[in-house]
Amino acid sequence: MTKNTTAGADGHRAASGDLLGPNSEIGRKLKQYYDELVSDHVPDRFAQLLSQLEQAEPAQKKD
């Protein structure tokens, strides 16, 4: 089985699944960090504040 490769602007070749080339490790780390942030628990107080904000928005639209 052969891998498709493309040459980047710097002349390095990257596998077709690795579109970021030399920056792919940075991309993986950023995605890992983002996934951790998204899956973190939202503190109860912050969730309450968001709920209050959502309830206040429809009231503002009526004005």
Side-chain angles (χ1 to χ4, degrees):
M1 193 155 101
T2 61
K3 289 184 180 180
N4 294 333
T5 58
T6 57
D10 60 359
H12 288 95
R13 293 193 168 270
S16 60
D18 189 10
L19 299 176
L20 296 176
N23 295 324
S24 62
E25 183 63 22
I26 295 170
R28 278 191 290 274
K29 292 287 185 183
L30 285 172
K31 180 166 180 9
Q32 178 183 5
Y33 180 68
Y34 174 79
D35 290 341
E36 290 173 7
L37 285 176
V38 170
S39 66
D40 277 350
H41 174 72
V42 175
D44 292 337
R45 179 66 180 137
F46 188 67
Q48 290 171 353
L49 290 171
L50 288 174
S51 178
Q52 290 174 4
L53 178 62
E54 288 174 352
Q55 292 172 2
E57 286 180 344
Q60 289 178 349
K61 289 181 182 178
K62 292 179 184 176
D63 291 341

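This chain uses plain numbering: 1 for the first residue, then up along the sequence. All of these numbers come straight from a predicted model, not from anything done at the bench.
Taking OH of Tyr34 as the start and OG of Ser39 as the end, the distance is 10.5 Å to the nearest 0.5 Å. If you take CG on Asn23 and CZ on Arg28, they are separated by 10.5 Å, rounding to the nearest 0.5 Å. In this structure, CG in Leu30 is found 10.0 Å from CD in Glu25, a value given to the nearest 0.5 Å. Note: Asp35 CG to Asp40 CG = 11.0 Å, rounded to the nearest 0.5 Å.
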